[in-house]
Amino acid sequence: MVVADTAMLSKYAHLCEVPVRPARWLTESVRDHRLKSPDLYRFCTPSAETCLRAPPSSSKRRYNYSEFRVEVNYDLKSQSAKRRKVVDYSLSSGSTASDQSDSIVKNLFPVLKISRPPSTVRHSEAVETVSSPSARPRRWACEIRPTMSDTDFPMNAKICELLGVVQEAYALKKDHFRTLGYQRAIAKIRSLPHEVLTIDDVRSLGGETSIGSRIERKITEIITTGRLLQAETVLNNSENVAVKTLCDVWGIGPVKAMGLVAEGITSIEQLRAAVRKNDSLLDLNQKIGLKHYEDLLHRIPREQVAELEYYVRRIVKRVDSSIDIKVAGSYLRGKKSCGDVDILVYGSSQKLKKAFPEITKRMKKDGVLTDDLVHGAGKYFGIFKFPGRRHGRIDLFAVPHEQYPYALLTYTGSAVFNSHQGLQKVCRTNYSRTRVEPPIRVRDEKEIFLLLDIPYVPPSARSIS
DNA sequence: CAGTAG
DNA sequence: GGGCCTTACTG
DNA sequence: GCCC
């Protein structure tokens, strides 16, 4: 049994053969001086197989408990080795009791010591472990739950929708941290395994809910009246509507849009007229966004994405046959049409360095890439067009093959699906062009889900809004 | 640096 | 009262 | 906004 924070997890998880629990579990257990429910923290499953097989909500997993003493030799908050605390716990067993576990704890996590409790503690007779003896325990757990689809719990969906309206309004006002607060609350509601029909359904959660008194009040209003006055005020505000309209232009964000609205520009037509008069009203990218405004409003039919995929692969193979591409995004999720096209270009980082710029160069020469928006070392955002077709948005990302599964998960989305803490965290720490440490090695996306101890969700099931 | 997007 | 915060690009 |  090992408890670790995120930094430890990413550093040592690939070496670890014993279950690891999130530090928050220990923090809160120590704080409240009682063992927190496994359900709230997603304890590790005993084996990879059960992890894959067990559906999220229906699994009434049996946890095996035995008694343990945990000595905490450091202050959980400051992470300094000052405080000393001894707490007796009932823990789920797994391979907890093993000497192997103890030695790993000593070697990797010297701040925590785990010992048998005093003999006065009565061992609840250990149930037989769920997994077969040969099954190897999985590595670590993470405090996230699979997301429920909106149709499962209509009231949860309603709450998220209305809180989302308010959140968006704060985002427009650049009130970043208030926005963050709403985002967290929404993510919480979205991840609940049950429907919120009374306010007690959120009050009884315990731990850090990200739902305080203010949002609790709003949730109550939604439950009782089916509406949220604040959200309706936002939606009826014409200035807000104008800002949102202008934000549909690629490159125009809340600040620019509000500036334009302040100048009396409230529609795309007015914006075009204003640009004709004053060329410096918009920057280069914003002008490209405005130029293709109508085309970019249209979604790209799936068949045309497939055509683009075929074309890009041919270019890539011609530049370097060891490199391949993968179209991620909504295309990979199987949608009939896509808002834009996300393409991962993956291979050895060495070869990508040379090949990536060459690839975009050739596509430009072909006239397929018509406008550049962002042209970085490892990423390209631009506009593409095939003869007789509309313009469309295309993103290309150069991905070293070690980071490929993380990048794939990241760009397959949907954004809401990715909005879970654990998913974000693990992808962020393992997919980044600037990362120094080698990533935790995984062969495919499924292994990332295993890492997080959540059931695998195929791309087609990730299109949640 | 601010603003923007994925 | 103060912290919370993804990263990398453009202008 | 939430949390400490």
Side-chain angles (χ1 to χ4, degrees), chain A residues 6 24 27-28 31 75-78 163-189 202 205-219 230 243 246-260 280-289 296 328-330 338-344 371-383 393-399 403 406-421 423-435:
Chain A
T6 313
R24 176 172 297 207
T27 308
E28 293 179 3
R31 188 193 62 199
D75 182 16
L76 286 163
K77 214 165 160 185
S78 65
L163 290 180
V165 171
V166 178
Q167 179 242 327
E168 215 173 291
Y170 281 124
L172 248 48
K173 285 189 201 161
K174 288 212 312 177
D175 191 336
H176 179 57
F177 293 119
R178 199 170 257 105
T179 307
L180 188 68
Y182 274 91
Q183 278 172 349
R184 286 179 175 161
I186 291 168
K188 191 66 184 186
I189 297 290
V202 295
L205 291 179
E208 277 181 41
T209 58
S210 301
I211 296 169
S213 60
R214 317 279 297 272
I215 289 193
E216 211 175 75
R217 222 177 301 146
K218 291 173 211 282
I219 291 176
Q230 195 183 355
V243 166
L246 296 178
C247 281
D248 287 342
V249 176
W250 200 94
I252 293 184
V255 174
K256 185 67 189 177
M258 276 171 65
L260 293 171
S280 59
L281 187 63
L282 300 180
D283 69 25
L284 239 49
N285 283 351
Q286 291 162 344
K287 280 186 212 166
I288 294 170
L296 297 189
S330 47
C338 308
D340 63 0
V341 185
D342 299 305
I343 301 181
L344 274 54
D371 304 84
D372 302 337
L373 294 166
V374 172
H375 205 34
K379 70 176 176 191
Y380 174 89
F381 299 167
I383 309 288
R393 278 271 299 106
I394 181 172
D395 295 341
L396 296 165
F397 301 94
V399 180
Q403 300 178 23
Y406 297 102
L408 186 58
L409 191 50
T410 300
Y411 293 116
T412 299
S414 65
V416 173
F417 179 81
N418 286 354
S419 71
H420 278 291
Q421 271 190 13
L423 225 54
Q424 258 179 353
K425 223 168 247 179
V426 78
C427 286
R428 196 190 317 141
T429 48
N430 290 290
Y431 166 58
S432 156
R433 271 173 302 290
T434 53
R435 93 184 315 288

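Here is how names work: the chains are called A, B, and so on, in the same order as the sequence lines, proteins then strands, and each is numbered from 1.
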Could you go through nucleotides 1-5 of chain C and list every protein N or O atom that sits under 3.5 Å from one of its N or O atoms, giving the distance for each pair?
none

Starting at atom [atom1] of [X], determine the distance to atom [atom2] of [N], rounded to an integer number of angstrom.
X: E216(A); N: dC2(D); atom1: CD; atom2: P; answer: 9 Å
X: N285(A); N: dG11(C); atom1: CG; atom2: C1'; answer: 9 Å
X: R214(A); N: dC3(D); atom1: CZ; atom2: P; answer: 13 Å
X: Q403(A); N: dT7(C); atom1: CD; atom2: P; answer: 13 Å

With rounding to the nearest 0.5 angstrom, report the [atom1] to [atom2] distance, [X] to [Y].
X: E216(A); Y: T209(A); atom1: CD; atom2: OG1; value: 7.5 Å
X: L284(A); Y: D372(A); atom1: CG; atom2: CG; value: 10.0 Å
X: D371(A); Y: K287(A); atom1: CG; atom2: NZ; value: 12.5 Å
X: Q403(A); Y: T410(A); atom1: CD; atom2: OG1; value: 10.0 Å

If the [atom1] atom of [N] is compared with that of [M], how far apart are they to the nearest Å?
N: dC4(C); M: dA5(B); atom1: P; result: 26 Å
N: dC2(D); M: dT7(C); atom1: C1'; result: 24 Å
N: dT4(B); M: dC5(C); atom1: P; result: 23 Å

Hey, is the main chain of [Y] close enough, under 3.5 Å, to the side chain of [X] for a donor-acceptor pair?
X: Q286(A); Y: G251(A); result: yes
X: R393(A); Y: V341(A); result: no
X: D395(A); Y: D342(A); result: no

Legend entry - Touch class at under 4.0 angstrom, heavy-atom based, for T179(A) against every strand present: nothing
Inset, instruction - Using only side-chain N and O atoms of S213(A), determine if any of them is under 4.0 Å from OP1 or OP2 of dG1(D). - result: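 Checking S213(A) against dG1(D): no side-chain N or O falls below 4.0 Å of OP1 or OP2.
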Scan nucleotides 4-6 of chain B against the protein and return all N/O pairs shorter than 3.5 Å with their distances rounded to 0.1 Å.
| residue | atom | partner | partner atom | Å |
| --- | --- | --- | --- | --- |
| dT4(B) | OP1 | G253(A) | N | 2.9 |
| dT4(B) | OP1 | G253(A) | O | 3.4 |
| dT4(B) | OP1 | K256(A) | N | 3.0 |
| dT4(B) | OP2 | V255(A) | N | 3.1 |
| dT4(B) | O5' | G253(A) | N | 3.4 |
| dA5(B) | OP1 | G251(A) | N | 2.9 |
| dA5(B) | OP1 | I252(A) | O | 3.3 |
| dA5(B) | O3' | W250(A) | NE1 | 3.3 |
| dG6(B) | OP1 | W250(A) | NE1 | 3.1 |
| dG6(B) | OP1 | R393(A) | NH2 | 3.1 |

Inset, instruction - Kindly write out the residues that satisfy ring-ring contact (aromatic ring centres under 6.0 Å, His included) with H176(A), not counting sequence neighbours, or none if the list is empty. - result: none
Legend entry - Geometric class of the W250(A)/F381(A) ring pair [parallel <30°, tilted 30-60°, perpendicular >60°]: perpendicular
